Trainee: 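Here it is, the structure, as structure tokens.
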Amino acid sequence: TEGRKKTALMQEAGEKVAAAEVSVKKFAEATAPFVGEDGKEVEGQDEAACEKLVEQMKESASLVGDAATFLTARAKDAAGNPGHVETLKELQAKLKEMQTEMA
């Protein structure tokens, strides 16, 4: 039925946001060697660390973008269902936090 389909799509949205969250955490870990204790940029990192950072940034940006697009599409589905509206708001808040962390 239509209700089950919308519920399944909301669950999928949650999974996409969770995957993006894991990737953003990995991105944050990958940036650690580039930031000193005082919060300033550290120079002299090897090429492998730079490549790892770039790859993780690309993956994270892609997953966050996919999740954002999926959540936008779910906004129409959530209308009329208070539970879905609340879930959507929570997922959007998490996504906004991830976007801020990556900036």
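Reckoned from all heavy atoms, side chains included, excluding hydrogens, waters and symmetry mates. On a predicted model such as this, the values are computed, not experimentally measured, just so you know.
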Trainee: Examine Leu88 and Val64 and state if one hydrophobic cluster contains both, with Ile, Leu, Val, Met, Phe, Trp and Tyr joined whenever side-chain heavy atoms are less than 4.5 Å apart.
Mentor: yes

Trainee: Taking the side chain as C-beta and beyond, is there a heavy-atom pair between Leu63 and Glu21 under 4.5 Å?
Mentor: no

Trainee: Between atom CD of Gln11 and atom CG of Leu9, what is the distance when rounded to the nearest 0.5 Å?
Mentor: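 One gets 9.5 Å once the value is rounded to the nearest 0.5 Å.
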
Trainee: Verify the neighbour count for atom CD of Glu97: are there more than 12 heavy atoms of other residues, nucleotides or ligands below 6.0 Å?
Mentor: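 No, the 6.0 Å shell around CD holds no more than 12 heavy atoms from other groups.
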
Trainee: Under 4.5 Å between side-chain heavy atoms, hopping through other hydrophobics if needed: is there a path connecting Val24 to Leu91?
Mentor: yes

Trainee: Test your reading of the model: is there a side-chain donor-acceptor pair from Ser23 to the backbone of Ala19, 3.5 Å cut-off?
Mentor: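 Here the side-chain-to-backbone pair does not exist.
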
Trainee: More than 12 heavy atoms of other residues, nucleotides or ligands under 6.0 Å from NZ of Lys52: is that the case?
Mentor: no

Trainee: What's the separation between atom OG in Ser62 and atom CE in Met57, rounded to the nearest 0.5 Å?
Mentor: 12.0 Å

Trainee: Rounded at 0.5 Å granularity, tell me how far CG in Leu71 sits from CG in Asp77.
Mentor: 11.0 Å

Trainee: Measure the NZ-CD distance between Lys26 and Glu55 for me, rounded to the nearest 0.5 Å.
Mentor: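 Separation between the atoms: 13.0 Å.
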
Trainee: Using the rule given for side chain to side chain contact (heavy atoms under 4.5 Å, CB included), can you reason through Glu2 versus Lys6, listing the C-alpha separation, both sets of side-chain angles and the distance that settles it, and then say yes or no?
Mentor: CA-CA 6 Å; Glu2 191 68 24; Lys6 288 180 181 182; 3.6 Å; yes

Trainee: Of the non-hydrogen atoms in Met98 and Ala20, which two are nearest, and what is the gap between them?
Mentor: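 In this case the closest contact between Met98 and Ala20 is SD-C, 3.5 Å.
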
Trainee: When you measure from the side chain of Thr31 to the backbone N and O of Ala28, does any donor-acceptor pair fall under 3.5 Å?
Mentor: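 Here the side-chain-to-backbone pair exists.
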
Trainee: Please say yes or no: joined through hydrophobic side-chain contacts below 4.5 Å, possibly via intermediate residues, are Phe34 and Phe27 part of one cluster?
Mentor: yes

Trainee: Does Lys16 form a side chain to side chain contact (heavy atoms under 4.5 Å, CB included) with Glu12? I'd like the steps, not just the answer.
Mentor: CA-CA 6 Å; Lys16 287 183 179 285; Glu12 186 176 350; 3.6 Å; yes

Trainee: Which atoms form the tightest heavy-atom contact between Leu95 and Ala67, and what is the distance?
Mentor: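 Smallest interatomic distance, heavy atoms only, reads CD1-CB, 4.0 Å.
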
Trainee: Please assess Phe70 against Val17 for the test side chain to side chain contact (heavy atoms under 4.5 Å, CB included), listing each intermediate value before the final yes or no.
Mentor: CA-CA 9 Å; Phe70 199 78; Val17 170; over 6 Å; no

